[in-house]
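Below, chain A is the first sequence line, B the second, and so on; all start at residue 1.
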Number of protein chains: 2
Amino acid sequence: LIEAKDITRTYKIGTVEIHALRSVNLNVRQGEYVSVMGHSGSGKSTLMHILGCLDTPTSGKYRLKGMDVTSLSEERLATIRNREIGFIFQTFNLLSRASVLHNVELPLIYRGLPSKERKRKSISVLENVGLGDRINHHPNQLSGGERQRVAIARAIVINPSLILADEPTGNLDSKTGEEILTLFDEIYREGNTLIVVTHERYVAKRAERIVHIKDGSIR
Amino acid sequence: LIEAKDITRTYKIGTVEIHALRSVNLNVRQGEYVSVMGHSGSGKSTLMHILGCLDTPTSGKYRLKGMDVTSLSEERLATIRNREIGFIFQTFNLLSRASVLHNVELPLIYRGLPSKERKRKSISVLENVGLGDRINHHPNQLSGGERQRVAIARAIVINPSLILADEPTGNLDSKTGEEILTLFDEIYREGNTLIVVTHERYVAKRAERIVHIKDGSIR
Ligand SMILES: Nc1ncnc2c1ncn2[C@@H]1O[C@H](COP(=O)(O)OP(=O)(O)OP(=O)(O)O)[C@@H](O)[C@H]1O
Ligand SMILES: Nc1ncnc2c1ncn2[C@@H]1O[C@H](COP(=O)(O)OP(=O)(O)OP(=O)(O)O)[C@@H](O)[C@H]1O
Ligand SMILES: [Mg+2]
Ligand SMILES: [Mg+2]
């Protein structure tokens, strides 16, 4: 599914160059469950954004489902993101002026689902993450872990074939974290692909294999 | 140092009442190191905001250093916050348009420290959290764990007598987390008071005792 070859990503701050990713190679098969670990600042989120078509590498090639992503138009990339990929951001990225329900409905609105069906799907997934009684709250009326779960719900409501989760349990106690991992297991059993960045070993161990990143390189 | 008596905090969403804290009693002595654990949504951040004079309880009494906080003016509360309390927010709350260095200098600017000294102190504390080479970045040019460490640096640069840390290692790998805990140990050895909310057991075990919160109550 994923073939990332010699991916390099460099940022420039003034005259200083930061090599966030250095010639990274990563292959992930359809239906695989991979976890990614590494120190703070080692390049995990940068890698995830490139895999999720949210950022382009400075150099290197990224093929997703056989398509060379670096050669696609912005519209085509947006379509792939909306249809194929469920991205859970490390910092959630919720709409602060919309309700929890509306935040989760948003990807279904983009897909043209009728109102009744998208409400039903959204409420169902919010109940699955334990937020059935928070659907009318706004993000600033939620706890940190509740916001994280809204971000998770929004990513999985479209039944994506690829889940990219960036520290999905960083704000969750282990019991609530286990509930999320149980959901991920279900998604995995249905033949979908999961890549989960985590700093918690109990989360990493649920995957088939663990990829380690250090200073922008996969070891 | 802290005497919280019958603290209740209720939120209203439409007609629904949410009992975030229910008659919570908590005493913390000067120089104590306490950790707080509990499920997502159990009331930990709500409690921390009240202890940090950032929120007022719906009912109950909160005495800090013998003063009845609920009877103080907003100016007096602001002074206490700026001088006595280092608050590390679960969602960081950094100024996005200011550099990392400026974010950490801010509390020292409020205290009237001269520019040379506050730069020196800020750079020193940023080096202590491993961000010496990130001082000119803006928060959106940092990783999640780097932003968390800026929030930590900003809280400790004033040498506060009370540290309130809300999930300070949520975005940190265990090695970087240990470096932060080592800093906390130093602050503790100097006779200061620490209250640390965490969902990670290795963090909680560093404290003298663990307080458990469930559905807004301390068990
Ligand atoms: N402004 C608000 N309006 C309404 N409800 C709120 C508000 N802020 C928090 N809540 C609710 O109060 C409860 C306690 O929130 P709090 O942030 O204290 O939880 P927490 O223990 O810190 O959770 P987490 O571990 O997820 O950060 C949550 O269920 C939340 O939905
Ligand atoms: N926009 C940017 N401009 C400059 N440097 C950046 C930018 N974004 C990230 N960086 C730097 O690139 C490095 C990698 O960042 P990344 O967010 O991928 O790390 P990470 O592994 O996800 O870390 P964490 O575990 O703390 O979330 C970091 O050292 C960071 O400072
Ligand atoms: Mg990251
Ligand atoms: Mg919280």
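The greatest number of non-hydrogen atom pairs below 4.5 Å with chain B, out of Gly130(A), Gly43(A), Gly41(A), is found for Gly41(A). Ranked by heavy-atom pairs under 4.5 Å with chain A, the list Gly170(B), Gly177(B), Gly145(B) is led by Gly170(B).
With sequence neighbours left out, Ile158(B) forms a side-chain contact (heavy atoms from CB on, under 4.5 Å) with Pro107(B), Leu108(B), Arg111(B), Pro160(B).
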I'd like a table of all donor-acceptor pairs linking chain B to chain A (distance under 3.5 Å, no angle check), giving the atom names and the distance to one decimal.
residue	atom	partner	partner atom	Å
His39(B)	ND1	Asp173(A)	OD2	2.9
Ser40(B)	N	Asp173(A)	OD1	2.6
Ser40(B)	OG	Arg149(A)	NH2	2.8
Gln90(B)	NE2	Asn171(A)	OD1	3.0
Arg149(B)	NH2	Ser40(A)	OG	2.7
Asn171(B)	OD1	Gln90(A)	NE2	3.0
Leu172(B)	O	His199(A)	NE2	3.3
Asp173(B)	OD1	Ser40(A)	N	2.6
Asp173(B)	OD2	His39(A)	ND1	2.8
His199(B)	NE2	Leu172(A)	O	3.3

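No side-chain heavy atom of Ile210(B) sits less than 4.5 Å from a side-chain heavy atom of Val34(B). Between Ile13(B) and Ile18(B) the shortest side-chain heavy-atom distance falls below 4.5 Å.
Of all the heavy atoms in Ala153(A) and Val125(A), the pair that sits closest is CB-CG1, 3.4 Å. In terms of heavy atoms, Gly216(A) sits closest to Val24(A) at O-CG2, 3.2 Å.
Taking CG of Leu51(B) as the reference point, atom CD1 of Ile2(B) lies at 5.0 Å (rounded to 0.5 Å). Annotation: the span from Ile88(B) atom CD1 to Leu164(B) atom CG amounts to 8.5 Å, rounded to 0.5 Å.
Of the two parts of Leu142(B), neither the backbone nor the side chain holds a non-hydrogen atom closer than 4.5 Å to a non-hydrogen atom of chain A.
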